[in-house]
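Structure first, commentary second.
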Amino acid sequence: MSENKHEITDVVIIGGGAAGLSAGKITAKHGLSTVILERDSRMGGILNQCIHNGFGVHHFKEELTGPEYAERVYHEALAAGCAMYTGTTVMDVSGKRLKRVLCCSPEHGVREFNARAVVLAMGSRERNRGNIAIAGARPAGVFTAGTAQRLMNINGFVPGSEAVIIGSGDIGLIMARRLSWAGVKVNAVIEIMPYAAGLPRNIAQCLEDFDIPLHLSCQTLRINGRDRVESVDVAPLENGRVCLEKTFNISCDTILMSVGLIPENELSQKAGARLNPLTGGPVVDSRMMTSAEGVFACGNVLHIHDLVDYVSSEAEMVAEKIRLFLGGDVKAPEIKTVPGGNIRYVIPGGFEPGTDSTFYMRPLAVMDKARMNIYQDGRLIYDHPVKYVKPAEMLKVHLSPDFDDALPSGGDLKFSLKAE
Amino acid sequence: MEEQRICILCPAGCHLKISGGKDDFKVEGNRCPRGAQYAYDEIHDPRRTVTAVAMTDAHCSCCCPVKSDSPVPKAMINELLELIYASEVKLPVRCGQIMIENFNNTNINVIFTRTINSTKELMS
Ligand SMILES: Cc1cc2nc3c(=O)[nH]c(=O)nc-3n(C[C@H](O)[C@H](O)[C@H](O)COP(=O)(O)OP(=O)(O)OC[C@H]3O[C@@H](n4cnc5c(N)ncnc54)[C@H](O)[C@@H]3O)c2cc1C
Ligand code: SF4
């Protein structure tokens with residue numbers, strides 16, 4: 001886009017899902033010129049295909065469906081003054097202080113934006129059969145849960161007549177109900193872990209309502225069928241061992257794999273952002289900035305969220321940090337944050353005392369009653385009760401600006417969960 | 001009577017322990033008052049919000065997401081789904097616009113959950 005050649009945009013956001021739209025809404029409100037680039041033909045991201053309700057309970061204090069949530073944040077971003085381009089794929093992010101964002105679209109061809117700050121908001125993609133290695137031929141009828149969701153909810157296709165779902169993540173559970181309501185018989189959900197990966201409410205309303213059996217501690221050994229799926233072989237795990245002698249067979253013509261999401265980070269690496277092996281997303285400091293100066297991240301590209309409300313609040317926090325950064329705020333010395341007992345990761349990876357800070361983290365194991373503890377140099381500086389800790393639910397800890405128990409000169413802040 | 005249920009009203013998913021009858025109805029485990037009401041309803045008149053897609057009159061297989069504007073008695077859900085699947089939606093539609101009014105005299109409406117202005121928008 002030649003007219004743009006020498007123009008500088010304050011903030012370019014890559015990805016127009018809940019994260020990108022929520023961040024753009026706030027940066028534009030602060031008077032920063034904001035551009036959102038979206039690969040798909042419409043804004044909203046994954047929300048567009050999530051036609052079920054359960055979105056926005058915290059953020060809008062109302063229970064919305066995915067498309068409704070998307071439409072709301074889209075209109076908020078529009079009203080705030082964001083410029084939005086759909087059908088536009090970002091291919092590269094480069095440059096040191098001034099960022100160059102290279103993108104292309106059928107409409108405008110290849111074009112480049114110059115930006116003072118970039119937000120990575122590319123969301124995630126699904127793990128697939130290749131990621132979990134199941135034996136068998138490659139018959140038709142095997143879908144990732146998200147692909148099936150898109151087919152059914154955007155295109156209106158019903159993928160089969162009898163289904164088995166591998167993995168008990170929320171998307172798979174939601175799809176079990178969706179299939180049942182579309183007249184497809186769901187014969188089983190197979191989960192390799194001894195507990196379900198998805199939220200309890202989804203077990204209740206998506207499986208129990210339809211009497212769909214959930215086989216915990218079971219491994220899918222083989223997908224049978226040549227042209228079309230015919231059945232799956234499943235075996236229970238006992239003490240970590242696959243009991244081949246107890247293998248059973250479940251017939252189906254359709255298989256949905258709901259085995260998790262992975263942050264979409266090829267572009268982040270091109271931009272120079274270092275990745276965190278624990279989250280699959282970029283490492284971010286207390287300013288939510290990646291290791292590439294001026295490049296920020298939020299939403300599923302940073303770490304996998306189960307609640308869109310948290311995606312929005314995280315994105316809004318990023319927008320605030322960008323305002324400070326572009327306002328010339330210099331980086332203060334910060335304390336590193338690290339995971340301790342029963343915590344897989346903490347985001348952001350740094351804490352600047354005296355600032356309003358929110359931390360997001362994932363527990364590793366279920367705890368009925370626990371205390372969230374923060375230690376510095378072995379000293380307990382934060383102690384708060386939390387109930388019903390489970391890996392399916394992200395935890396959020398807020399430290400207000402007057403939290404002064406952490407010594408700026410001290411060591412790392414270690415976040416731990418202790419069972420009560 | 002004693003039953004275990006999971007409250008589905010919000011992602012917290014409280015484990016409810018429900019006991020007693022009409023007069024000594026008791027709920028434990030709910031983190032907020034909505035859970036107690038949910039437990040009562042779940043025993044006496046279980047309902048679910050229904051979401052689905054409705055076909056449009058567009059020439060391609062393209063559809064529009066819809067939902068019931070309040071929870072539907074469980075026993076009526078299949079009938080409502082049949083009704084939605086049998087309908088053909090005329091574009092344009094507005095998010096919030098009523099598709100089916102006062103289903104079975106329940107005062108429940110089915111509304112569109114997405115704005116679609118034209119077929120062109122759907123095809124893209
Ligand atoms: C199937 C599913 C069901 C869910 N159900 C619920 C629920 O019931 N309740 C709830 O609260 N939350 C739910 N969530 C969680 C929550 O909705 C999502 O985590 C959230 O919407 C993710 O937002 P995002 O903006 O990070 O990612 P996305 O919505 O994935 O948006 C990323 C966008 O970036 C675009 N993009 C990617 N790469 C590029 C590129 N190179 N150039 C340009 N654009 C690019 C993509 O096209 C996409 O539109 C669900 C999530 C999924 C996946
Ligand atoms: S009882 Fe309240 S907090 Fe618990 S799941 Fe129900 S609505 Fe949520």
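Reminder, nothing fancy here: chain letters follow the sequence lines and each chain counts from 1.
Note that the OG1 atom of A:Thr65 and the CZ atom of B:Arg114 stand 11.5 Å from one another [nearest 0.5 Å]. Here the CG atom belonging to B:Leu9 is positioned 9.5 Å from the CD atom belonging to A:Gln205, to the nearest 0.5 angstrom. A distance of 11.0 Å separates CG in A:Asn53 from CZ in B:Arg48, rounded to the nearest 0.5 Å.
Near-neighbour residues of residues 30-46 of chain B relative to chain A, defined by a heavy atom under 4.5 Å from a heavy atom of that chain, comprise B:Arg31. Contacts between residues 168-185 of chain A and chain B, defined by a heavy-atom separation under 4.5 Å, are made by A:Arg178, A:Trp181, A:Ala182.
Residue-environment remark: NZ (A:Lys387) stays at or below the threshold of 12 foreign heavy atoms within 6.0 Å. Applying the 6.0 Å contact sphere to CD of A:Glu107 captures no more than 12 heavy atoms from other residues, nucleotides or ligands.
By number of non-hydrogen pairs under 4.5 angstrom with chain A, the leading residue of B:Cys10, B:Pro65, B:Cys95, B:Gly13 is B:Cys10. With chain A as partner, the option from B:Val53, B:Ile6, B:Thr113, B:Thr49 having the largest number of non-hydrogen pairs under 4.5 angstrom is B:Thr113.
Using a 4.5 Å cut-off between heavy atoms, A:Glu68 contacts chain B through both its backbone and its side chain. For chain A, the nearby part of B:Ile77 is the side chain; its heavy atoms alone come within less than 4.5 Å. For A:Leu199, the part sitting under 4.5 Å from any heavy atom of chain B is the side chain, from C-beta outward, and nothing else. Residue contact with chain A, scored on non-hydrogen atoms closer than 4.5 Å, involves the backbone of B:Cys7 exclusively. Interface remark: A:Glu63 contributes backbone and side-chain atoms alike to the contact with chain B (heavy atom separation under 4.5 Å).
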